[in-house]
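All heavy atoms count here, side chains included; hydrogens, waters and symmetry mates do not.
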Amino acid sequence: MPKNSLNVSLKGADDIFSTEESRQEQQREQVQQIPIGELFPFKNHPFKVLDDESMQRTVESMEQYGVLSPLIARPRPEGGYEIISGHRRQHAAQLAGLDALPVIVRQMDDDAAVLLMVDSNLQRENILPSERAFAYKMKLEALKNQGARSDLTSAQLGRKLETADIVGQESGDSRNQVRRFIRLTNLVPELLDMVDEKKIAFNPAVELSYLDESQQRDFFEAMNDTQNAPSLSQAQRLKKLAQEGHFSYDVAFAVMGEEKKDELDKVVIKNDTLRKYFPRSYTPKQMEDTIIKLLEQWQRKQQRQNER
């Protein structure tokens with residue numbers, strides 16, 4: 001054999017298969033025990049982690065059985081891991097006093113992480129309107145960044161699908177309903193909280209989302225002063241007045257102070273008017289109780305005068 005010929009050595013079968021096995025093992029996702037202090041919430045996570053009865057049951061379960069379902073997280077450039085799925089479990093684990101959690105670590109870009117984070121949380125039974133609103137918005141933006149196809153045709157509807165269709169498919173919402181939910185993200189926090197608390201209905205809230213921030217705060221004040229929740233027709237009128245440049249606090253107060261069919265016996269007193277007669281520390285409930293007591297005293301006095 002010539003001296004300059006290549007010396008090729010063939011690997012044995014065991015080497016070939018062991019190399020392939022180790023390669024698959026590296027690719028296979030494994031559950032790791034990650035210290036709880038190294039887990040951080042997803043940036044702009046739209047889902048609220050509440051210390052409610054459901055959370056307490058989760059804590060009790062973890063104290064008894066541990067964490068049954070691993071979290072999903074991705075490495076952070078600055079160290080530690082960003083939670084993609086499992087924010088409630090992490091909070092419950094903290095309350096239960098656990099030091100580490102089972103975690104599946106995945107390498108994911110921002111858009112893929114958003115999609116997984118949103119989809120895993122939308123499976124929950126009770127989703128607040130604000131949570132669904134911001135989740136839909138994040139998913140829509142992530143799909144657009146990924147270049148989601150919009151040339152697909154729906155067999156049932158006979159039309160091309162838009163990104164909003166794709167967002168709502170798994171949740172059973174139409175493209176219009178997805179867009180209406182996303183409108184809620186334009187509400188100031190005070191109004192959005194009232195939607196979550198069911199003090200403002202969904203449809204009026206969508207109409208109010210077209211008011212700018214200053215107009216929304218004027219409306220919020222007028223709503224508090226009249227102690228009235230907006231009907232759909234009132235919200236639509238306020239939206240139209242704002243678009244025509246005729247919106248103001250006084251206008252909002254006038255609209256919100258109108259008598260409704262189910263409120264013909266209701267008396268409206270502006271909050272500013274009442275505040276003149278009460279200490280600053282008084283809550284609306286304390287003011288109401290005091291007024292009722294004074295009216296009862298006045299009524300008894302009137303009765304005594306009539307008996308003379």
Under a 4.5 Å cut-off applied to non-hydrogen side-chain atoms, are [X] and [Y] in contact?
X	Y	answer
Ser248	Asp218	no
Arg180	Asn203	yes
Met55	Leu95	yes
Tyr210	Arg183	yes
Asp51	His91	yes
Phe47	Leu122	yes
Thr58	Arg88	yes
Leu115	Lys139	yes

For the pair Asp173 and Tyr136, evaluate side chain to side chain donor-acceptor pair (under 3.5 Å) and give the outcome as yes or no after the intermediate values. CA-CA 11 Å; Asp173 281 331; Tyr136 279 172; 2.7 Å; yes

If two hydrophobic side chains count as joined below 4.5 Å and joins carry through other members, does [X] share a cluster with [Y]?
X	Y	value
Met108	Leu71	no
Val103	Leu68	no
Val59	Val67	no
Phe202	Val167	yes
Leu241	Leu191	yes

Grab the two heavy atoms, one from [X] and one from [Y], that are nearest each other, plus how far apart they are.
X	Y	value
Ala205	Leu184	CB-CD2, 3.8 Å
Pro230	Phe219	CG-CZ, 3.7 Å
Pro70	Ile104	CG-CD1, 4.1 Å
Ala164	Arg179	CB-NE, 4.3 Å
Glu63	Ala96	CG-CB, 3.8 Å

Enter the distance from [X]:[atom1] to [Y]:[atom2] here, rounded to the nearest 0.5 Å.
X	Y	atom1	atom2	result
Met223	Leu208	CE	CG	8.5 Å
Phe134	Lys48	CZ	NZ	9.5 Å
Ile182	Ser209	CD1	OG	11.5 Å
Phe220	Ile200	CZ	CD1	8.0 Å
Thr185	Arg132	OG1	CZ	14.5 Å
Met117	Asn44	CE	CG	8.5 Å

For side-chain contact (heavy atoms from CB on, under 4.5 Å), just list the numbers for Trp298 and Leu294, CA-CA rounded to whole Å, side-chain angles, deciding distance to a tenth of an Å, and then say yes or no. CA-CA 6 Å; Trp298 176 81; Leu294 291 172; over 6 Å; no

Side chain of [X], backbone of [Y]: donor and acceptor closer than 3.5 Å?
X	Y	result
Asn228	Met256	yes
Glu207	Pro204	no
Glu131	Leu128	yes
Gln234	Ser231	yes
Glu60	Arg57	no
Gln216	Leu211	yes

For residues 79-87, which side-chain N or O atoms pair as donor and acceptor with protein atoms under 3.5 Å away, sequence neighbours left out?
residue	atom	partner	partner atom	Å
Glu82	OE1	Arg74	NE	2.7
Glu82	OE1	Arg74	NH2	2.9
Glu82	OE2	Lys43	N	3.1
Ser85	OG	Arg89	NH2	3.3
His87	ND1	His45	NE2	3.1
His87	NE2	Phe42	N	3.0

Between Glu213 and Arg217, is the closest basic N to carboxylate O distance under 4.0 Å?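 Yes.
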
Between Glu296 and Lys301, does any NZ, NE, NH1 or NH2 come within less than 4.0 Å of an OD or OE carboxylate oxygen?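 Salt bridge absent between Lys301 and Glu296.
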
Can you name the residues that form a side-chain contact (heavy atoms from CB on, under 4.5 Å) with Asp289, not counting sequence neighbours?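 Asp289: side-chain contact (heavy atoms from CB on, under 4.5 Å) contacts with Lys285.
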
Dump the intermediate steps for side-chain contact (heavy atoms from CB on, under 4.5 Å) on Arg106 and Ile72, then the final yes or no. CA-CA 7 Å; Arg106 292 183 184 174; Ile72 300 176; 4.1 Å; yes

Within the supplied structure, the quantity of interest is the number of heavy atoms (other residues, nucleotides, ligands) at a distance under 6.0 Å from [X] [atom1]; does it exceed 12?
X	atom1	result
Phe40	CZ	yes
Tyr277	OH	no
Glu53	CD	no

Sequence neighbours excluded and cut-off under 3.5 Å, please list the side-chain donor-acceptor pairs for residues 31-39, or say none.
none

